[in-house]
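Just so it is clear: chains get the letters A, B, ... in the order the sequence lines come, proteins before strands, and each one is counted from 1.
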Amino acid sequence: MLDKLIMYLQYPFVKYAIIVGVLIALCSSLLGVTLVLKRYSYIGDGLSHVAFGALAIATVCDLTNKMILVLPLTIVSAILLLRNGTNAKVKGDAQLAMLSVSALAFGYMLMNLFPSSSNITGDVCTTLFGSTSILTLTAQEVWISIVLSVFVVTIFILFYNRIFAITFDEGFAKAVGTNVKFYNLLIATVIAIIIVLAMKLVGSLLISALVIFPAISAMSILKNFKSVVIFSAISSVLCALIGILVSILAGTPVGSTIVVFDAFLFLLCYIIGRVRSLA
Amino acid sequence: MSILSARDLSIGYDGRTILSNIDFKIHSGDYFCIVGENGSGKSTLMKTILGLQPAISGEIVFGDGLNKSQIGYLPQQTDLQKDFPASVYEIVLSGCQSHLGKHFFYSKAQKKTALMNMEKMGISHLKNRCFRELSGGQKQRVLLSRALCATTRVLLLDEPVAGLDPTMTADMYQLIKELNDDGMTIIMISHDIANISIYANRIFDINKAEIKTITTGGTCYVG
Ligand SMILES: Nc1ncnc2c1ncn2[C@@H]1O[C@H](COP(=O)(O)OP(=O)(O)OP(=O)(O)O)[C@@H](O)[C@H]1O
Ligand SMILES: [Mg+2]
């Protein structure tokens, strides 16, 4: 089996998949903690549907670099959704659900009306579940992913203290003069970037899992912010790595395999947390 | 010169007014207390002062070169999330956020300030404990330490002694008095009339919309 793995690792497309997969897992887990704690976890889901719609438009328009359309559209939606800061409200919830399902329906309709290939169902399935697209990355896409990931991680590290502050207590942050609006905007932009990146890896239906699972796994066993962030980053990267390797060896879909490992890890952490609190 | 004043202010939520015609001037070095019944709008007034809640009409004016990074704030506890994974130290240190300026990370001096304020509040031994697992009074002290990290000129406190034991309450009043003696302006919401009539120099009754100015002789007059 090891031989088989080593053989596969020689292929550039496998290397690409691993690099991009690990980077996406890292980025999504970093911001995941903030999203979960700010009660924004559902945002990932909604945005990914928007990104799906945008991707459909880009496909129909036959753009060679779809990012040019998908990224700005998703960022704008993220900003519109997160603009109000403060924690989730019912009204925003309904708005998001509407936006999210409309984008999904609109995207699917477009793809059917203007089929870009003979295999529409396959195309849609790929976009929704990311089945094999991670294995078809071009060198250019890999570079875009690397640049965007470096951007996300740098922003997160540099603004770590402010992100903590407005995640923990937005009211206090605003009261003492922190530019909460700007940081919410920044967080929204970064989240949109992560969603667009992650679509390649796990497809738009499974993105939420990538964002939420590492964070709640960490939160069920750890008790301070820094360790939660570090643990979710490490566990997310490991799950992605193992998931990709297993999927290559076993021939399972990449995205779902990663998510299965994430879910399994969550179950483990949850049980450990439970047992510890009982003891 | 007043450091903070309200001009013909109306406060409330979503266009629904709770209180109107609020006028006051707070001077540098004041120990200004806001009193009133539950639900009368004290916390709302404080949030409006801090810009967390838009005023319905009228305005809050900062004077004397005051800006927000010189303010410390202790919110009423009900406003906080309950399941947040954060250590006591992380929370207290976040009080220094307004002094970060153009820096990304906290300086050694700021970390020392955080430790010192924890010492002051008697919570040094809780440094690495998880905030959500503390008792109500312990949480209050953590948030007070955070407020102390933030403030350099004005301290706004929404029921600072709620949930504190008698010893800590007395210590708390002593500490606030010392800060006030050093020139810190205190704006405090409290139900503890007995204590605030000892310490405060002006008491604002939100329902009567009048300010009692207390002179050291103990005689009161409306001002
Ligand atoms: N977010 C909100 N939206 C709408 N109404 C609110 C909101 N928060 C408080 N209120 C209402 O505004 C009024 C004033 O509330 P506030 O919290 O300012 O009272 P308070 O004087 O601080 O009372 P307490 O002594 O209990 O702290 C109350 O009637 C309350 O129901
Ligand atoms: Mg109140």
Side-chain angles (χ1 to χ4, degrees), chain A residues 32-34 36-41 84-89 91 154-183 186 214-232 269 273 276-277, chain B residues 43 46-53 62 66-77 79-81 83-101 103-107 110 127-134 142-143 146-147 149-152 154-156 158:
Chain A
V33 177
T34 304
V36 170
L37 286 170
K38 276 174 119 1
R39 306 288 181 276
Y40 282 161
S41 22
N84 294 327
T86 55
N87 297 7
K89 287 201 186 97
K91 221 167 104 198
T154 312
I155 292 279
F156 186 83
I157 292 174
L158 288 183
F159 292 102
Y160 170 82
N161 288 311
R162 271 112 169 168
I163 291 175
F164 169 78
I166 67 167
T167 309
F168 176 67
D169 189 347
E170 196 172 305
F172 180 84
K174 203 170 169 191
V176 301
T178 300
N179 192 343
V180 171
K181 241 189 190 136
F182 170 79
Y183 293 110
L186 192 71
I216 51 171
S217 299
M219 279 164 63
S220 54
I221 53 168
L222 293 166
K223 294 176 176 171
N224 70 67
F225 194 74
K226 196 179 246 165
S227 59
V228 164
V229 167
I230 294 174
F231 181 90
S232 54
C269 290
R276 255 204 334 219
S277 72
Chain B
S43 298
M46 193 166 270
K47 285 182 193 161
T48 311
I49 292 174
L50 290 165
L52 303 181
Q53 183 65 37
F62 283 14
L66 180 70
N67 70 54
K68 283 185 144 193
S69 67
Q70 300 164 325
I71 289 177
Y73 170 48
L74 173 78
Q76 200 166 4
Q77 272 220 12
D79 296 342
L80 274 173
Q81 347 186 6
D83 56 352
F84 202 101
S87 71
V88 167
Y89 180 62
E90 284 177 316
I91 292 171
V92 174
L93 189 59
S94 77
C96 295
Q97 62 182 280
S98 51
H99 310 310
L100 276 169
H103 296 269
F104 292 113
F105 305 104
Y106 295 115
S107 68
Q110 284 161 344
K127 185 177 171 216
N128 296 316
R129 284 281 299 277
C130 178
F131 182 71
R132 65 176 178 220
E133 290 172 355
L134 300 180
V142 173
L143 298 182
R146 177 182 70 167
C149 286
T151 182
T152 51
V154 180
L155 193 53
L156 289 100
D158 196 339

Chemist: Of the listed residues (Ser98(B), Ala150(B), Gly95(B), Cys96(B)), which shares the most heavy-atom pairs with chain A below a 4.5 Å separation?
Modeler: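 Looking at each of Ser98(B), Ala150(B), Gly95(B), Cys96(B) in turn, Ser98(B) comes out on top.
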Chemist: Looking at OG of Ser220(A) and CG of Asp83(B), how far apart are the two atoms once the value is rounded to the nearest 0.5 Å?
Modeler: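 Rounded to the nearest 0.5 Å, the OG-CG separation comes out at 12.0 Å.
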Chemist: Which bit of Leu222(A) comes within less than 4.5 Å of chain B, counting heavy atoms only: side chain, backbone, both or neither?
Modeler: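 Contact with chain B involves the backbone of Leu222(A) alone.
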Chemist: Locate the shortest heavy-atom distance separating Tyr73(B) from Ala175(A); write the atom from each residue and the value.
Modeler: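 Minimum heavy-atom contact is CD2-CB, 3.7 Å.
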Chemist: Decide side-chain contact (heavy atoms from CB on, under 4.5 Å) for Arg146(B) and Asp169(A); before the verdict, give the C-alpha distance in whole Å, the side-chain angles of both, and the deciding distance to 0.1 Å.
Modeler: CA-CA 11 Å; Arg146(B) 177 182 70 167; Asp169(A) 189 347; 2.9 Å; yes
Chemist: Can you name the salt bridge (Lys or Arg N to Asp or Glu O under 4.0 Å) partners of Lys223(A), sequence neighbours left out?
Modeler: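 With neighbours one apart ignored, the set is Glu133(B).
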Chemist: Using the side-chain contact (heavy atoms from CB on, under 4.5 Å) rule, take Phe168(A) and Glu90(B) through it: C-alpha gap first, then chi angles, then the decisive distance, then the call.
Modeler: CA-CA 10 Å; Phe168(A) 176 67; Glu90(B) 284 177 316; over 6 Å; no
Chemist: Give, as side chain, backbone, both or neither, the part of Tyr89(B) having an atom under 4.5 angstrom from any heavy atom of chain A.
Modeler: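 Nothing of Tyr89(B), per the 4.5 Å heavy-atom cut-off to chain A.
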Chemist: Just by modelled atom types, is the Phe104(B) backbone N or O under 3.5 Å from a matching donor or acceptor in the Asn161(A) side chain?
Modeler: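 Present.
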Chemist: Given the side-chain rings of Tyr160(A) and Phe105(B), with only the six-membered ring counted for Trp, is the space between their centroids under 6.0 Å?
Modeler: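 Ring centroids of Tyr160(A) and Phe105(B) are no less than 6.0 Å from each other.
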Chemist: I need the His103(B) NE2 to Leu158(A) CG distance, nearest 0.5 Å.
Modeler: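 His103(B) NE2 to Leu158(A) CG: 13.5 Å, rounded to 0.5 Å.
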Chemist: Atom CD in Gln53(B), atom NZ in Lys174(A): separation rounded to 0.5 Å?
Modeler: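 It comes to 8.5 Å.
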Chemist: Can you see which heavy atom on Ile71(B) is nearest to which on Val176(A), and at what distance?
Modeler: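 Between these two residues, the closest heavy atoms are O-CG1, 3.4 Å.
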Chemist: Could you look at Ala218(A) and say if it's the side chain, the backbone, both or neither that has a heavy atom under 4.5 Å from chain B?
Modeler: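 Contact with chain B involves no heavy atom of Ala218(A) at all.
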Chemist: Ignoring hydrogens, what is the shortest heavy-atom contact between Met219(A) and Pro85(B)? Give both atom names and the distance.
Modeler: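 Result for this residue pair: CG-CG, 3.8 Å.
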Chemist: What orientation do Phe84(B) and Phe225(A) show, parallel under 30°, tilted 30 to 60°, or perpendicular over 60°?
Modeler: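 Taking Phe225(A) first and then Phe84(B), their aromatic rings lie parallel (interplane angle under 30°).
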Chemist: Which bit of Arg129(B) comes within less than 4.5 Å of chain A, counting heavy atoms only: side chain, backbone, both or neither?
Modeler: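 No part of it gets close to chain A.
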Chemist: So for Ile91(B), is it side chain, backbone, both, or neither that comes closer than 4.5 Å to the heavy atoms of chain A?
Modeler: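 Both the backbone and the side chain of Ile91(B) come within 4.5 Å of chain A.
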Chemist: Measuring from atom CZ of Phe164(A) to atom CD of Gln97(B), what distance do you get when rounded to the nearest 0.5 angstrom?
Modeler: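 The CD atom of Gln97(B) is 9.5 Å from CZ of Phe164(A), to the nearest 0.5 Å.
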